Amino acid sequence: MPDSLPMARIPDSIRQDFPVLSRIINRHPLAYLDNAATTQKPQSVIEAITRFYETSNANSHRGVYALSEEASELYEQARGRVAQFLNAPDTHQIIFTRGTTEAINLVAYSWGRSRLQPGDRLLLTEMEHHSNLVPWQLVAEATGAELDYVAVTAEGHLDLDSLASQLAKSPKLLAVTLVSNVLGTINPLRKIITTAHDHGVLVLVDAAQAVGRVAVDVQELDCDFLAFSGHKVYGPTGIGVLYAKTEHLDAMEPWQGGGGMIAKVGRDRSTWGEAPAKFEAGTPPIAAAIGLHTALDFVERLGVAQIREHERDLAELALGRLLEEPEVTVFGPRNPAERTGLVSFALAGVHPHDVAQVLDESGIAVRAGHHCAQVLHERLGVDATVRVSVGVYNTASEVHRAVDVLAEVRRLFL
Amino acid sequence: MPDSLPMARIPDSIRQDFPVLSRIINRHPLAYLDNAATTQKPQSVIEAITRFYETSNANSHRGVYALSEEASELYEQARGRVAQFLNAPDTHQIIFTRGTTEAINLVAYSWGRSRLQPGDRLLLTEMEHHSNLVPWQLVAEATGAELDYVAVTAEGHLDLDSLASQLAKSPKLLAVTLVSNVLGTINPLRKIITTAHDHGVLVLVDAAQAVGRVAVDVQELDCDFLAFSGHKVYGPTGIGVLYAKTEHLDAMEPWQGGGGMIAKVGRDRSTWGEAPAKFEAGTPPIAAAIGLHTALDFVERLGVAQIREHERDLAELALGRLLEEPEVTVFGPRNPAERTGLVSFALAGVHPHDVAQVLDESGIAVRAGHHCAQVLHERLGVDATVRVSVGVYNTASEVHRAVDVLAEVRRLFL
Amino acid sequence: MSKSLYRDVLLDHLRHPRFSGKIEPADRSASAYNPLCGDELELTLALEGNCIREARTQVRGCAVCVASASLMGELLQGVSLSQAETYGALFREAMTSGELSSKDIFSLRPLLEVRKHKSRVKCALLAWNALEECLQNFQTTS
Amino acid sequence: MSKSLYRDVLLDHLRHPRFSGKIEPADRSASAYNPLCGDELELTLALEGNCIREARTQVRGCAVCVASASLMGELLQGVSLSQAETYGALFREAMTSGELSSKDIFSLRPLLEVRKHKSRVKCALLAWNALEECLQNFQTTS
Ligand SMILES: Cc1ncc(COP(=O)(O)O)c(C=O)c1O
Ligand SMILES: Cc1ncc(COP(=O)(O)O)c(C=O)c1O
């Protein structure tokens with residue numbers, strides 16, 4: 001098989017934007033194939049953070065002096081950039097959080113605690129990441145609501161019959177991932193959300209694995225809530241986003257209290273500002289928000305459609321090669337059109353951690369474990385899997401290298 | 001008055017570590033005097049963040065490959081550094097949060113929601129920042145607990161009689177700031193905490209204005225909880241710390257749910273990891289934690305005692321000059337030994353925002369407003385104040401410049 | 001020293017605010033509040049048919065807020081409600097674009113200086129927010 | 001190609017784990033779980049007075065975990081409980097310092113390689129955590 005893809009959608013020169021990619025790990029050039037956990041950061045993002053600290057650092061929102069106005073402006077421009085990227089109708093619908101996890105917790109507390117009653121149902125799916133599962137367990141425990149799960153089929157799709165029968169129970173909310181972080185499955189959310197809305201069910205979308213990898217348009221999806229993390233889309237750690245429909249934001253009580261989210265504070269009670277301020281208590285991660293702005297610029301410059309094709313091509317290559325490997329079971333859809341650039345597999349008789357360790361000894365970084373999806377792994381009948389996940393800078397030869405090492409793994413352990 | 005202080009505790013050359021300080025604002029060199037809002041970042045902190053992204057970026061905690069081990073190691077070393085800096089008995093007592101605000105909300109939810117009953121009392125003080133006030137209002141509203149306030153004296157100290165009579169009501173918790181962000185008052189918390197404990201009252205310390213400015217030793221204080229923000233101690237935005245006694249951490253339920261904080265996740269219920277993991281759901285702000293590590297190194301290299309003296313000298317200078325200005329009212333203790341390097345004042349007949357704006361036109365950055373302390377401003381009988389707050393890089397001449405402009409302010413407005 | 005934001009016109013309005021105070025009883029009234037700086041303002045209107053016979057503002061706030069309320073006060077006396085609405089829209093547009101698209105609000109020109117200071121734009125708009133609320137109340141109740 | 005972590009000794013223990021399985025009924029037993037990778041392990045002891053007559057581990061886990069349990073099993077047969085406790089302490093110390101301070105646990109030397117991989121240290125310690133729990137139970141109940 002040739003080392004490069006039929007058509008180079010993204011030039012290899014992109015790698016020069018990412019200093020970390022030139023590292024040598026265990027005497028091999030680093031092949032970073034853990035992009036579903038976090039992506040590397042292009043020089044432009046790192047520089048945006050440095051530039052902020054070197055020239056405009058101040059607390060946002062509250063100062064009348066020039067520096068603080070600059071910082072506030074940069075922070076709000078980042079919000080505007082996110083709104084535009086997601087095609088949100090209004091900038092005020094973008095709440096900055098630490099990441100996907102905090103965004104979902106925000107909804108679970110602010111929306112969930114006041115709206116759920118004993119006996120109410122919440123609908124999840126078997127493929128949810130713990131971050132879109134545990135917050136709902138906590139709110140269910142606190143309110144007496146009950147959880148149901150949409151089943152996952154053997155090939156790793158949402159079971160639409162299961163979905164239909166669960167929606168018939170009239171849950172208050174469906175919390176569902178757009179892309180599975182283990183199966184790679186791209187769920188047909190546009191259709192699912194329409195059906196859910198027909199049943200009067202609100203929908204929260206976990207877009208952590210989707211933003212920057214497949215097109216995400218909140219108006220087209222018509223989702224009620226959507227969450228993602230900056231660090232998975234070439235941005236910094238410590239920043240994430242909650243998008244929500246204005247009607248929900250207006251009706252929701254604040255979650256965290258503190259500076260910046262108030263209108264007037266009295267001794268016994270206070271009144272709140274409007275969204276997004278209402279949901280952003282305390283000094284925000286200003287520098288990280290600015291870094292996220294630059295990251296979205298980076299993604300848009302490459303083009304989400306190009307990234308999608310690049311990653312799909314690499315996933316197709318990985319899928320094809322892994323399916324030919326002895327003792328290997330691959331999880332998730334067989335059709336590359338139905339999945340993103342991540343492929344999880346198991347090698348019979350070898351623990352995934354040992355597979356990942358041997359790969360690391362050849363400089364190849366992949367993830368092994370339950371990937372924060374224990375319910376899904378139980379469904380798949382394995383404790384853990386090995387996950388290869390690509391980003392814009394990965395090449396066909398890196399995928400080949402990873403699969404080639406499996407022969408060595410078998411030699412060692414089997 | 002001479003332009004430099006009697007003894008230069010911190011050399012002026014420190015300014016070269018801070019690129020932003022060379023900025024020209026409105027044709028004047030920037031005099032950054034808003035350090036109580038956020039401090040500037042030394043080159044070493046900016047570089048630590050850059051270095052992380054350029055060489056070691058990976059998701060922490062979950063990968064077996066070299067890069068992820070490095071990232072995890074750096075993140076945990078930052079935790080160890082904080083523990084050491086605060087003299088915490090155990091590294092596990094350090095929880096990373098977004099900032100002071102989130103740390104206090106964590107306690108209000110995790111400790112407060114399950115422990116407070118209708119009629120229980122929570123004790124605050126009139127000088128608390130909204131971030132140590134609104135979270136308690138929210139938890140009081142949710143549980144039926146009631147809030148009391150320790151009064152502040154005319155000179156800006158906690159009223160110890162008021163404290164005694166409030167403690168006699170046996171509140172469950174006293175939430176109190178170590179240093180007021182408006183008055184500059186350093187509260188005698190060691191004594192107050194002993195008294196509170198004698199009454200069986202737990203104590204949460206808001207150390208946002210204290211860490212890096214006065215000595216903070218959690219074992220000496222014997223506080224139950226303590227919170228601070230990285231961005232106020234020469235570190236990055238988006239990172240903060242909650243310290244807590246182990247017995248509390250062990251007894252507290254998690255607050256946010258998600259990846260990283262679990263032991264085992266089942267469909268209906270899950271079990272939790274131990275502190276600190278139990279309280280750190282989702283991917284943490286890894287780069288910011290690493291930046292905080294470097295910031296604490298920076299502070300320790302200068303020496304907290306030296307910083308304290310430097311800031312006290314500048315505060316003394318500001319205080320002395322402001323007290324001589326016509327139409328000026330200064331708030332907070334008269335004795336520089338009782339306060340940190342921030343001085344708030346009002347100029348009769350001129351709105352603080354206008355004062356700050358005119359100062360900005362001379363390149364001087366100060367803050368005007370209620371400084372997220374509306375209850376205190378009500379107590380002081382003013383809507384807003386102007387606050388000058390110094391950091392390690394500020395000079396006597398900058399303080400002189402700021403006070404000198406007040407003549408111009410009077411000429412314009414009075 | 002020229003302090004760019006505080007031009008003579010603004011300072012004059014600050015020192016001598018026009019139409020300050022409160023009409024009692026008023027036909028319409030609205031308050032506005034800026035949580036950032038604690039500025040507070042009350043606008044009261046006395047009407048005659050569809051016209052504003054008198055408009056007064058009571059302000060506790062900064063120079064920009066006081067001057068803007070005073071300038072608005074001058075403009076509103078005796079105009080029709082729909083004219084007042086137009087003024088409001090024109091002023092908001094001008095604060096966004098930096099261009100005065102109508103001579104009718106030429107007197108507000110000094111306020112455009114505030115655009116350089118994003119954090120103060122809210123101060124300049126506070127009186128106009130109260131006006132908007134008065135007019136909305138009007139439309140829904142009439 | 002030399003794969004540094006997986007030396008011959010470890011691989012041999014992985015392929016042929018010593019004293020694996022479960023003693024039923026056991027005098028003492030304890031389970032350990034690693035939430036990071038889902039590894040699970042159960043240690044069962046048969047005692048004779050203050051001595052371990054037999055120790056067995058049942059492991060679902062990675063190579064490091066299996067090998068460590070197997071090496072521990074070899075060491076524990078027939079030793080006194082206090083001896084077992086000492087071994088545990090010595091091994092933990094060695095995993096921290098990188099130095100084997102006693103010849104008694106020389107057989108555990110291959111496990112020290114794991115120290116280079118912080119994330120795997122927990123795997124090496126899992127069996128020893130179960131041992132610690134067994135011994136604690138013992139002390140409090142005896
Ligand atoms: C599908 C999915 N949801 C949620 C998360 C949580 O994101 P974060 O850890 O950035 O909060 C992740 C990644 O960890 C994910 O892959
Ligand atoms: C005394 C005090 N407490 C709490 C805070 C809140 O800190 P942060 O905004 O970093 O959460 C601040 C600063 O804003 C403060 O000065």
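Since the model is a prediction, treat every value here as computed from it, not as a measurement. Residue numbers begin at 1 in each chain, while the letters A, B, ... track the order of the sequences.
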Peer 1: Between B/D268 and A/E146, is there a side-chain heavy-atom distance shorter than 4.5 Å?
Peer 2: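 No, too far: nothing below the 4.5 Å cut-off.
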Peer 1: Pick one of side chain, backbone, both or neither for B/A368, based on which atoms fall under 4.5 Å of a heavy atom in chain A.
Peer 2: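 For B/A368, backbone heavy atoms alone lie under 4.5 Å from chain A.
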Peer 1: For the residue pair B/H370 and B/H130, categorise the inter-ring angle as parallel (less than 30°), tilted (30 to 60°) or perpendicular (more than 60°).
Peer 2: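 Because their plane-to-plane angle lies in the 30° to 60° range, the rings of B/H370 and B/H130 count as tilted.
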Peer 1: Between A/T38, A/V265, A/L106, which residue shows the highest count of heavy-atom pairs closer than 4.5 Å to chain B?
Peer 2: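 Top count of heavy-atom pairs under 4.5 Å with chain B: A/V265.
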Peer 1: At a 4.5 Å cut-off on heavy atoms, which part of B/R269 comes close to chain A: side chain, backbone, both, or neither?
Peer 2: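 B/R269 touches chain A through backbone and side-chain heavy atoms alike.
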Peer 1: At a 4.5 Å cut-off on heavy atoms, which part of B/V366 comes close to chain A: side chain, backbone, both, or neither?
Peer 2: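 When you check distances to chain A, only backbone atoms of B/V366 fall under 4.5 Å.
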Peer 1: Flag the pair A/Q374 / A/D383 as yes when at least one side-chain heavy-atom distance between them is below 4.5 Å, and no otherwise.
Peer 2: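 In short, these two side chains do not touch, never coming nearer than 4.5 Å.
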Peer 1: Quick check for you: among A/A365, A/A108, A/C372, which has the greatest number of heavy-atom pairs under 4.5 Å with chain B?
Peer 2: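 Option with the top pair count is A/A365.
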Peer 1: Salt bridge check: are B/E126 and A/R267 linked by an N-O gap of less than 4.0 Å?
Peer 2: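 A salt bridge is present here (some side-chain N lies under 4.0 Å from a carboxylate O).
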Peer 1: For A/H129 and A/H371, what are the C-alpha separation, side-chain angles and deciding distance, and is it a ring-ring contact (aromatic ring centres under 6.0 Å, His included)?
Peer 2: CA-CA 8 Å; A/H129 187 281; A/H371 315 295; 9.6 Å; no
Peer 1: Of the backbone (N, CA, C, O) and the side chain (C-beta and beyond), which part of B/E141 lies under 4.5 Å from a heavy atom of chain A, both, or neither?
Peer 2: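 Contact with chain A is through the side chain of B/E141 alone.
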Peer 1: If you measure from the Lys or Arg side-chain nitrogens to the Asp or Glu carboxylate oxygens, is any gap between A/E378 and B/K264 under 4.0 Å?
Peer 2: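 Salt bridge: no.
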Peer 1: Given heavy-atom pairs under 4.5 angstrom as the criterion, report whether the side chain, backbone, both or neither of B/N105 touches chain A.
Peer 2: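 Side chain of B/N105 only, per the 4.5 Å heavy-atom cut-off to chain A.
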Peer 1: Heavy-atom distance under 4.5 Å to chain A: side chain of B/E253, backbone, both or neither?
Peer 2: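 Looking at B/E253, nothing touches chain A.
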Peer 1: Between A/Q43 and chain B, which part of the residue has a heavy atom less than 4.5 Å away: side chain, backbone, both or neither?
Peer 2: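 Side chain only.
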Peer 1: Less than 4.5 Å to any heavy atom of chain A: does that hold for the side chain of B/H353, its backbone, both, or neither?
Peer 2: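 Contact with chain A involves both backbone and side-chain atoms of B/H353.
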Peer 1: Quick one: do A/N57 and B/Q40 satisfy side-chain hydrogen bond (donor to acceptor under 3.5 Å, both in side chains)? Show the steps, please.
Peer 2: CA-CA 7 Å; A/N57 176 67; B/Q40 298 302 334; 3.0 Å; yes
Peer 1: Give, as side chain, backbone, both or neither, the part of B/S68 having an atom under 4.5 angstrom from any heavy atom of chain A.
Peer 2: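 The answer is the side chain of B/S68.
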Peer 1: Side chain, backbone, both or neither: which part of B/L21 has a heavy atom under 4.5 Å from chain A?
Peer 2: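 Answer is neither: B/L21 stays 4.5 Å or more from chain A.
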Peer 1: Please determine, among A/G99, A/G369, A/P236, the option with the most heavy-atom pairs under 4.5 Å with chain B.
Peer 2: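 So the answer, after comparing A/G99, A/G369, A/P236, is A/P236.
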Peer 1: Please rank B/G238, B/A288, B/G260 by heavy-atom pairs under 4.5 Å with chain A and give me the top one.
Peer 2: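 Answer, by heavy-atom pair count under 4.5 Å with chain A: B/G238.
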Peer 1: Looking at B/K232, B/M261, B/Q137, B/E47, which one has more heavy-atom pairs under 4.5 Å with chain A than the rest?
Peer 2: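 Option with the top pair count is B/Q137.
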Peer 1: Just checking heavy atoms, which of residues 277-287 of chain B are less than 4.5 Å from chain A?
Peer 2: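 The stretch touches chain A at B/A281, B/G282, B/T283, B/P284, B/P285, B/I286, B/A287.
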Peer 1: Under the side-chain contact (heavy atoms from CB on, under 4.5 Å) rule, what do A/V405 and A/V358 come out as? Steps first, then yes or no, please.
Peer 2: CA-CA 8 Å; A/V405 175; A/V358 176; 4.0 Å; yes
Peer 1: Output the option from A/A66, A/A356, A/A140, A/G363 having the highest count of non-hydrogen pairs under 4.5 Å with chain B.
Peer 2: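 The answer is A/A66.
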Peer 1: Flag the pair B/L74 / B/S56 as yes when at least one side-chain heavy-atom distance between them is below 4.5 Å, and no otherwise.
Peer 2: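 The answer is yes, as the side chains (C-beta and beyond) meet within the 4.5 Å cut-off.
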Peer 1: For the residue pair B/F96 and B/Y75, categorise the inter-ring angle as parallel (less than 30°), tilted (30 to 60°) or perpendicular (more than 60°).
Peer 2: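 Tilted, since the angle between the ring planes falls between 30° and 60°.
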Peer 1: Between B/T143 and B/A145 (side chain of the first, backbone of the second, donor and acceptor by atom type, cut-off under 3.5 Å), is there such a pair?
Peer 2: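 Checking the backbone N and O of B/A145 against the side chain of B/T143, a donor-acceptor pair under 3.5 Å is found.
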Peer 1: Checking heavy atoms, do the side chain of B/S114, its backbone, both or neither come under 4.5 Å from chain A?
Peer 2: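 Neither part; nothing is under 4.5 Å.
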Peer 1: Who among B/A289, B/G63, B/S229, B/P254 has the most heavy-atom pairs with chain A under 4.5 Å?
Peer 2: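 Counting heavy-atom pairs under 4.5 Å, the top option is B/G63.
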Peer 1: In terms of heavy-atom pairs under 4.5 Å, which option from A/L359, A/V134, A/V139 contacts chain B the most?
Peer 2: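 If we count pairs closer than 4.5 Å to chain B, A/V134 comes out on top.
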Peer 1: Is there a side-chain contact (heavy atoms from CB on, under 4.5 Å) between B/D206 and B/S131? Walk through the geometry before answering.
Peer 2: CA-CA 9 Å; B/D206 175 351; B/S131 290; 5.5 Å; no
Peer 1: Check the angle between the aromatic planes of A/Y32 and B/Y65 and answer parallel, tilted or perpendicular using the 30° and 60° thresholds.
Peer 2: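 Judged by the thresholds at 30° and 60°, the geometry between A/Y32 and B/Y65 is perpendicular.
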Peer 1: Go through the steps for A/V20 and B/Y53 under the test side-chain contact (heavy atoms from CB on, under 4.5 Å), then give the verdict.
Peer 2: CA-CA 7 Å; A/V20 74; B/Y53 283 133; over 6 Å; no
Peer 1: Heavy-atom distance under 4.5 Å to chain A: side chain of B/E128, backbone, both or neither?
Peer 2: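 Contact with chain A: none, neither part.
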Peer 1: A/E70 vs B/R23, test: side-chain contact (heavy atoms from CB on, under 4.5 Å). Steps then yes/no.
Peer 2: CA-CA 13 Å; A/E70 276 178 35; B/R23 274 202 59 176; 2.7 Å; yes
Peer 1: Carefully, step by step, assess A/H231 and A/T237 under the rule side-chain hydrogen bond (donor to acceptor under 3.5 Å, both in side chains).
Peer 2: CA-CA 5 Å; A/H231 71 94; A/T237 54; over 6 Å; no
Peer 1: Would you check if there is a donor-acceptor pair between the side chains of A/Q256 and A/E102 at a distance under 3.5 Å?
Peer 2: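 A/Q256 and A/E102 do have a side-chain donor-acceptor pair below 3.5 Å.
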Peer 1: Non-hydrogen atoms of chain A under 4.5 Å away: do they reach the side chain of B/F18, the backbone, both or neither?
Peer 2: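 Answer is neither: B/F18 stays 4.5 Å or more from chain A.
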Peer 1: Given the options B/T39, B/T50, B/L67, which has more heavy-atom pairs under 4.5 Å with chain A than any of the others?
Peer 2: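 Answer, by heavy-atom pair count under 4.5 Å with chain A: B/L67.
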Peer 1: Answer with side chain, backbone, both or neither: which region of B/W255 has an atom nearer than 4.5 Å to a non-hydrogen atom of chain A?
Peer 2: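 Both backbone and side chain.
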